[in-house]
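Data first, discussion second: the structure below is written as structure tokens.
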Amino acid sequence: MRRKLPAVLVCLAGAALALSSGAAAGTGGLAPEDPVTPGAGDIEQIYFLLSVIGAVVLLFVVVPLATFVVRSRGRGRSREEEGPQVRGNTRLEIAWTLVPVVLVAIVIAFVVYKAPGIELSDQASARDTLSIDVEGRRYYWQYVYPNGVVGIDRLRVPAGQTVNLDLTAWEGDVIHSFWVPALGGKFDAVPGQTQDFTFRATKPGVYEGVCGEFCGIQHAAMTVEVEVMERDAFADWLEGEDEAQRGGDSDLGEQEWEGVCSKCHRLAGQGEPYIGPNLAATQLRNAESIEAIVRNGQGSMPPVGGGWSDRQMDALTTYLSEELAPRAEGGGGTDGG
Ligand code: CUA
């Protein structure tokens, strides 16, 4: 049995490789996402160089290994029988030292050659930069645009214009990481520090991303969507949203419910309680009680709304009061508290 172990290992490795390639093909293939910023193409070239070298090395290791396993198998020989005793082979030893050194040198040279040119933005468009404040929070992304408009999870940016994200995490929070592969780069959001992520997206569309730093129980739910819009459409949206949020009739409250609360809680009629209690089964009925718990947290619930502006808090309390009120009145005795 022990002698069959190498063959079994080779078969297992092959099967794992085949399965993982298949799985990767299902989500868009082994290639990285199509770049939509100027420098992300250079990152892609480095990826391809590494992939090709890796594939060649893999072949040169796995094929001889499989051959030796087959050719040198027992064939009924006695276990005591010794094979040929080989001592030293200068040429072979020089070869297996030199080849990896040369390969690593090629990789280093290519990366050093490419790295200075990797800019996710460019000088030409940097003159009219749009700055957006981004805050990573458990477990959502909060955006504040220059005119004060607030967004949750979905970031909207204009195509062809340099965008500068002032990236941080809320003071009482943990480290998150803003990662949208199509934009290139991955940037940590650290409490108490601000870091610039500057890019110019060239192609309108919606690009998915995730939080790239394990940050707690709902880390996996902390997704990002970047919607790259035509410049005019973006300007119209920003202006319209500003008016709606000032007037208190935007969908900000719903965005907050979806992005901030619903990752752990459900309302009545939305199935079993989730990570936290179902809101209809709590004492939350009015704006004051909602604000208190959202600002300060409670038990294992973090202060998800600590530092929120009145605009943000009003949007959520208005939305939730409307969602909860009919149930409070109609629910009568079923309200367990
Ligand atoms: Cu935020 Cu993981």
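Every number for a ligand or one of its atoms is a count from 1 in the order of the listing. What you see below is based on every heavy atom in this structure, not just the backbone, and it leaves out hydrogens, waters and symmetry mates.
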- Message: So, of the N/O/S atoms that Glu213 has, which is the nearest one to atom 2 (Cu) of ligand 1?
- Response: O

- Message: If you round to 10 degrees, what value do you get for the angle at atom 1 (Cu) of ligand 1 between His176 atom ND1 and Cys215 atom SG?
- Response: 100°

- Message: Surrounding CG of Asp232 (heavy atoms of other residues, nucleotides or ligands, distance under 6.0 Å), is the total greater than 12?
- Response: no

- Do the side-chain N and O atoms of Trp179 and Glu213 include a donor-acceptor pair separated by under 3.5 angstrom? no

- What angle, in degrees and rounded to 10°, do you get at atom 1 (Cu) of ligand 1 when you join it to SG of Cys211 and to SD of Met222? 110°

- Task: Have a look at His219 and say which of its N, O or S atoms is nearest atom 2 (Cu) of ligand 1.
- Result: ND1

- Is Arg231 salt-bridged to Asp236, cutoff N-O under 4.0 Å? no

- Query: Hey, is the main chain of Arg138 close enough, under 3.5 Å, to the side chain of Asp173 for a donor-acceptor pair?
  - Reply: yes

